[in-house]
Participant: 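One structure coming up, written as structure tokens, with questions to follow.
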Amino acid sequence: MGKYRIAWLPGDGIGIEVMDATRLVLDRLGLDAEYIHGDIGWEFWCKEADALPARTVDLLKNVDAALFGAITSKPVKDSEAELVPELRGKGLVYRSPIVRMRQMFDLYTCLRPCKAYPGNPLNHKEGIDLVVFRENTEDLYAGVEFNPVPDELAATLRKLSKPFAAFDGLASDQYAVSCKINTKKGSERIVRAAYEFAAKHGRKKVTIVHKANVVRATDGLFLEEAKKVAKQFPGIETDDANIDAIGMWLLKNPFNYDVLVAPNLYGDIISDLCAQMVGGLGFGCSGNIGLKLGVFEPTHGSAPKHAGKQKANPIATILAAKMMLDWLGETAMGARVEAATAAVIAEGKVRTYDMGGSSTTMEMGRAIADKL
Ligand code: NAI
Ligand code: MG
């Protein structure tokens, strides 16, 4: 029995390879941990109609943290078609395991640091160091969606809101509705997490991202709650920006920004933009953090076209493991993993295909482990 119990969730596709490479690093580091495998991913959807089986949920209730590789998701109709024959035609609906984990364990913070490690040929500019806090449980990802729209909802919508031209008089199977739901509690706690992080790590500025001038109800509420929190941190500069404008500004002058906080969808978008500025999907790491559990993962998916070829860059997952170590309080180990990763990047001898090289996933993992 180690000091920590860690759920080990490789998933499928390149998730398996990047996790193997990451394990080399953790094992060399000598973290006193027990890694417990959990079933998750496409295989379990096909065989059991559940990509996140109940046994994995139970495992997650009894661990200190989880490291998650990647999984495949497919649209509703394609998913149904890939079920084993005896499970087809029962109305079983695929739901993303990562979205379920976030909601089930209230992992309300999605933390995505985006740092340009010196010498990475993929850096948009050297010196970029951004941290994105994305709300992780509500907003347009709340899962309250209708297609077709039930008559009851259609009638209520017509009664309560002034129908815009295209919607007026439409039959209920001619449109769909996804609800953007933002709560005061959900907005307050993600913004507070961003400011607390900024205060703890000596960050100078927090930028609140929204579209409150157009999406008045929900983004208006988010911005209002955010400004209340900001007042409690007078030592940290606050500004806010529209989601569309920030795309241009971030690309033009990333050095004007430091910590960014946003509702779920906007956070998803800007974190991909920020990740691309520091090397792309092979470098984007992410923590899904609640009060009791943290699930750490690369932001990329299962990249089926590269699966099983030892091509994928494991750095995103290795940096996710670094975030996990920090979250567990093992910050000295976290710093060693980051320094080793930075050293391999700077040296430029071992590079996966995305960095212009031909090293394998395991070679990258081994090179980083060797630098520890
Ligand atoms: P993806 O992130 O899997 O891959 C897109 C492309 O990015 C790849 O084809 C590859 O060129 C590059 N890439 C991704 N990871 C890389 C790595 N570690 N090293 C080097 N290059 C890398 O996104 P895609 O193709 O849209 O989705 C594939 C599957 O993954 C889908 O089923 C999707 O639903 C799922 N997905 C799962 C996520 C998760 O597990 N959290 C997140 C995003 C997508
Ligand atoms: Mg994304």
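This one's a predicted model, so the numbers in the text were calculated from it and none came from an experiment.
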Participant: Indicate whether the side chain of Ser178 and that of Glu145 have a donor and an acceptor atom separated by less than 3.5 Å.
Facilitator: yes
Participant: Taking the basic N atoms (NZ, or NE/NH1/NH2) and the acidic carboxylate oxygens, is any pair closer than 4.0 Å for Arg55 and Glu48?
Facilitator: yes
Participant: Does a salt bridge link Asp58 with Lys61, judged by any charged N lying under 4.0 Å from a carboxylate O?
Facilitator: yes
Participant: Tell me whether Glu347 is salt-bridged to Lys371, with the criterion being a basic N under 4.0 Å from an acidic carboxylate O.
Facilitator: yes
Participant: Let me confirm one number: the CG-CG distance from Leu26 to Leu31, rounded to the nearest 0.5 Å.
Facilitator: 6.5 Å
Participant: So, for Ala262 and Phe222, which heavy atoms are closest and what is the spacing to 0.1 Å?
Facilitator: C-CZ, 3.7 Å
Participant: Does Glu363 come within less than 4.0 Å of Lys349, counting only side-chain N to carboxylate O?
Facilitator: no
Participant: Between Phe68 and Phe296, does the ring centroid distance fall short of 6.0 Å?
Facilitator: no
Participant: Within the supplied structure, the quantity of interest is the number of heavy atoms (other residues, nucleotides, ligands) at a distance under 6.0 Å from Lys228 NZ; does it exceed 12?
Facilitator: yes
Participant: Counting only heavy atoms not in Leu153, do more than 12 sit closer than 6.0 Å to its CG atom?
Facilitator: yes
Participant: Determine yes or no for a side-chain-to-main-chain donor-acceptor pair under 3.5 angstrom, with Thr207 supplying the side chain and Tyr257 the backbone.
Facilitator: no
Participant: How long is the gap from CG on Asp219 to CG on Asn213, to the nearest 0.5 Å?
Facilitator: 9.0 Å
Participant: Using only atom types and a distance under 3.5 Å, with no angle test, would you say the side chain of Glu225 pairs donor to acceptor with the backbone of Lys185?
Facilitator: no
Participant: For residues Ile71 and Trp42, determine if any side-chain heavy atom of one lies less than 4.5 Å from a side-chain heavy atom of the other.
Facilitator: no
Participant: Say you draw a straight line from CG of Asn313 to OG1 of Thr360; how long is it, rounded to the nearest 0.5 Å?
Facilitator: 11.0 Å
Participant: One thing to verify: whether Asp139 and Arg134 come together as a salt bridge, which I'm taking to mean a side-chain N less than 4.0 angstrom from a carboxylate O.
Facilitator: no
Participant: Are Leu60 and Phe44 connected in a single hydrophobic cluster, I mean Ile/Leu/Val/Met/Phe/Trp/Tyr linked by side-chain heavy atoms less than 4.5 Å apart?
Facilitator: no
Participant: Would Lys47 and Asp39 pass as an ion pair if we require N to O under 4.0 Å?
Facilitator: no
Participant: So, do Ile270 and Ile246 sit near enough that their side-chain heavy atoms are less than 4.5 Å apart?
Facilitator: yes
Participant: Minimum heavy-atom separation for Arg112 to Cys110, with atom names?
Facilitator: NE-SG, 3.5 Å
Participant: Going through the distances and angles, do Cys274 and Leu250 end up as a side chain to side chain contact (heavy atoms under 4.5 Å, CB included)?
Facilitator: CA-CA 8 Å; Cys274 292; Leu250 271 172; 3.9 Å; yes
Participant: Parallel, tilted or perpendicular: which describes the rings of Tyr353 and His306, with under 30° parallel and over 60° perpendicular?
Facilitator: tilted
Participant: Determine the sole option in Arg216, His210, Lys211 for which the side-chain contact (heavy atoms from CB on, under 4.5 Å) test with Leu223 is passed.
Facilitator: His210
Participant: Of Asn182, Val191, Ile190, which is the lone residue that meets side-chain contact (heavy atoms from CB on, under 4.5 Å) with Glu135?
Facilitator: Ile190
Participant: Work out which heavy atom in Ala316 is nearest to a heavy atom in Cys285; give both atom names and the distance.
Facilitator: O-CB, 3.3 Å
Participant: Treating Ser359 as the side-chain partner and Arg351 as the backbone partner, does any N or O pair qualify as donor plus acceptor under 3.5 Å?
Facilitator: yes
Participant: Is a salt bridge present between Asp326 and Lys322, judged by a nitrogen-to-oxygen distance below 4.0 Å?
Facilitator: yes
Participant: Would you indicate whether the side-chain heavy atoms of Val259 and Phe197 approach each other to under 4.5 Å?
Facilitator: yes
Participant: Under 3.5 Å, is there a donor-acceptor pair between the side chain of His300 and the main chain of Ala70?
Facilitator: no
Participant: Does the ring of Phe255 carry Lys125 above it, NZ/CZ under 6.0 angstrom from centre and within 45° of its axis?
Facilitator: no
Participant: For the residue pair Trp8 and Tyr35, categorise the inter-ring angle as parallel (less than 30°), tilted (30 to 60°) or perpendicular (more than 60°).
Facilitator: perpendicular
Participant: Look up atom CD1 in Ile318 and atom CE in Met324, then write down how far apart they are to the nearest 0.5 Å.
Facilitator: 12.0 Å
Participant: Roughly how far, to the nearest 0.5 Å, is CG of Leu111 from OG of Ser286?
Facilitator: 7.5 Å
Participant: Is there a donor-acceptor contact under 3.5 Å from the side chain of Arg88 to the main chain of Leu83?
Facilitator: yes
Participant: If you count heavy atoms of other groups shown closer than 6.0 angstrom to NZ of Lys292, is the number above 12?
Facilitator: no
Participant: Looking at Tyr266, does the NZ or CZ of Lys180 lie under 6.0 angstrom from its six-membered ring centre and within 45 degrees of the ring axis?
Facilitator: yes
Participant: Is it true that Asp258 and Arg203 make a salt bridge, defined as a side-chain N closer than 4.0 Å to a carboxylate O?
Facilitator: yes
Participant: Taking 4.0 angstrom as the limit, do Asp354 and Lys311 come out as a salt bridge?
Facilitator: no
Participant: Leu107 and Val295: side chain to side chain contact (heavy atoms under 4.5 Å, CB included), yes or no, with the steps?
Facilitator: CA-CA 8 Å; Leu107 308 175; Val295 178; 3.7 Å; yes
Participant: Charged N to carboxylate O under 4.0 angstrom, Glu196 versus Lys200?
Facilitator: no
Participant: Is it the case that the side chain of Asn242 and the backbone of Asp244 share a donor-acceptor pair, with hydrogens and angles ignored and the cut-off at 3.5 Å?
Facilitator: no
Participant: Which distance, rounded to the nearest 0.5 Å, do you find between the CD1 of Ile315 and the CG of Asn120?
Facilitator: 7.0 Å
Participant: Does Gly119 offer a backbone N or O that forms a donor-acceptor pair with the side chain of Glu126 under 3.5 Å?
Facilitator: yes
Participant: Is Lys309 paired with Glu17 through a side-chain N to carboxylate O contact shorter than 4.0 Å?
Facilitator: no
Participant: Kindly give the heavy-atom pair with the smallest separation between Val63 and Leu293, and that separation in Å.
Facilitator: CG2-CD1, 3.9 Å
Participant: So, for Tyr4 and Leu328, which heavy atoms are closest and what is the spacing to 0.1 Å?
Facilitator: OH-O, 3.6 Å
Participant: Does a side chain donor of either Thr341 or Tyr117 reach within less than 3.5 Å of an acceptor in the other side chain?
Facilitator: no
Participant: Does Asp64 reach the main-chain N or O of Arg5 with its side chain, forming a donor-acceptor pair under 3.5 Å?
Facilitator: yes
Participant: Run the salt-bridge test on Arg102 and Glu297 with the 4.0 Å N-O cut-off and return the result as yes or no.
Facilitator: yes
Participant: Would you indicate whether Glu86, at its atom CD, is surrounded by more than 12 heavy atoms from other residues, nucleotides or ligands within a distance under 6.0 Å?
Facilitator: yes
Participant: Where is the tightest heavy-atom contact between Ser302 and Thr72, given as atom of each residue plus distance?
Facilitator: OG-OG1, 2.8 Å
Participant: Give a yes or no answer on whether the side chain of Thr56 reaches the backbone of Leu52 with a donor-acceptor pair at less than 3.5 Å.
Facilitator: no
Participant: Group every Ile, Leu, Val, Met, Phe, Trp and Tyr by side-chain heavy-atom contacts under 4.5 Å, then state whether Leu157 and Val144 land in the same group.
Facilitator: yes
Participant: Is it the case that the side chains of Tyr141 and Gln103 hold a donor-acceptor pair, with the cut-off being a distance below 3.5 Å and no angle test?
Facilitator: no
